[in-house]
Amino acid sequence: ISYDSAVFPTNFSVAGNGIITVTGSALPAISKAGTSIEAQTVGVTLDGTGLGAGVDGLTITATGARVLGHWIRNFPDDGIVISGAGTATIGGTGSADANFINVNAGDAIDFSSTAGTTVIKGNYIGTYKGFQDRGNAGHGIYINGTGTLTIGGTCTGGTGTANINEGNYIAFHDTTN
């Protein structure tokens, strides 16, 4: 996998095992429309261990962003934030598209977008492969925006299969809200 240094500057180190440990400061916001961060074939872990308080993992402010195939963990605040006019697809229908978003000190995903449509599907949130407790300290998906949000797939014709085929595994969060 190659991360573009224009998008991700040198404030991370890459271990031979695919773990990218973010150091020093937060990653820059994803602000370029259509940015796609895909790691389905190599399994990249974005690890925020050692960052200061209040630092989020990925912050998306652009339209049409895609995040596929990552493990996003150990950030001092939220794993993924979708804010402003940001829209995104987080995960997908293929098993390799799934993101594992867990063990963050805040919410797994903070949806605060004010426009457009965001889709969150096929992810493991607060769990590892559906069975192991890897809870975030906050919510699984915190909804605080006025944009359109689809969690799982859409259900057509009354089949009721959207969250079976395209669902998210959401479990083990520590929030009492």
Side-chain angles (χ1 to χ4, degrees), residues 1-15 18-52 54-94 96-102 104-125 136 138-154 166 168:
I1 185 166
S2 176
Y3 275 79
D4 184 343
S5 62
V7 177
F8 291 95
T10 58
N11 64 326
F12 62 83
S13 60
V14 181
I19 296 176
I20 297 175
T21 303
V22 182
T23 58
S25 62
L27 293 169
I30 298 169
S31 58
K32 181 178 178 186
T35 298
S36 189
I37 304 172
E38 302 181 22
Q40 300 99 310
T41 59
V42 293
V44 170
T45 299
L46 296 177
D47 191 312
T49 300
L51 289 173
V55 176
D56 297 315
L58 296 175
T59 299
I60 299 169
T61 60
T63 58
R66 292 170 34 107
V67 179
L68 306 169
H70 288 80
W71 190 350
I72 300 169
R73 68 179 190 195
N74 296 324
F75 281 90
D77 204 357
D78 303 325
I80 298 175
V81 176
I82 305 159
S83 64
T87 63
T89 298
I90 309 297
T93 57
D97 295 341
N99 295 291
F100 295 85
I101 309 164
N102 47 44
N104 295 292
D107 304 321
I109 301 172
D110 177 339
F111 176 75
S112 299
S113 180
T114 58
T117 299
T118 290
V119 177
I120 301 170
K121 63 183 172 183
N123 299 289
Y124 293 85
I125 299 172
N136 297 280
H139 301 88
I141 301 173
Y142 181 67
I143 303 169
N144 191 32
T146 56
T148 301
L149 176 62
T150 300
I151 300 173
T154 55
E166 299 178 358
N168 297 284

Let me confirm one number: the [atom1]-[atom2] distance from [X] to [Y], rounded to the nearest 0.5 Å.
X	Y	atom1	atom2	result
I151	I143	CD1	CD1	4.0 Å
T148	F111	OG1	CZ	7.0 Å
D107	I101	CG	CD1	11.5 Å
N136	N102	CG	CG	6.0 Å
E38	L68	CD	CG	5.0 Å
N123	N99	CG	CG	4.5 Å

Between [X] and [Y], what is the shortest heavy-atom contact and its length?
X	Y	value
P76	G54	CB-N, 3.8 Å
A88	I82	CB-CD1, 4.5 Å
A85	S113	C-OG, 3.9 Å
V55	F75	O-CB, 3.9 Å

Looking at [X] and [Y], would you say the former's side chain and the latter's main chain have a donor-acceptor pair under 3.5 Å?
X	Y	result
N144	S112	no
S31	T61	no
T35	A65	no

Taking the side chain as everything from C-beta on, heavy atoms only, tell me whether V44 gets closer than 4.5 Å to I37.
no
Any side-chain heavy-atom pair of T87 and T117 under 4.5 Å:
no
I90 and side-chain contact (heavy atoms from CB on, under 4.5 Å): which single residue from I72, I125, D97, I80 fits?
I80
Who pairs with D56 by side chain to side chain donor-acceptor pair (under 3.5 Å), at least two apart in sequence or on another chain?
none
Go through the structure and list residues passing side chain to side chain contact (heavy atoms under 4.5 Å, CB included) with T114, not counting sequence neighbours.
T146
Would you please name every residue forming a side chain to side chain contact (heavy atoms under 4.5 Å, CB included) with A98, sequence neighbours left out?
Y124
So side-chain hydrogen bond (donor to acceptor under 3.5 Å, both in side chains) across residues 72-85, not counting sequence neighbours, yields D47-R73, D47-N74, T49-N74
Give every residue pair that meets the salt bridge (charged side-chain N to carboxylate O under 4.0 Å, His left out) criterion with at least one member in residues 110-119, sequence neighbours excluded.
none
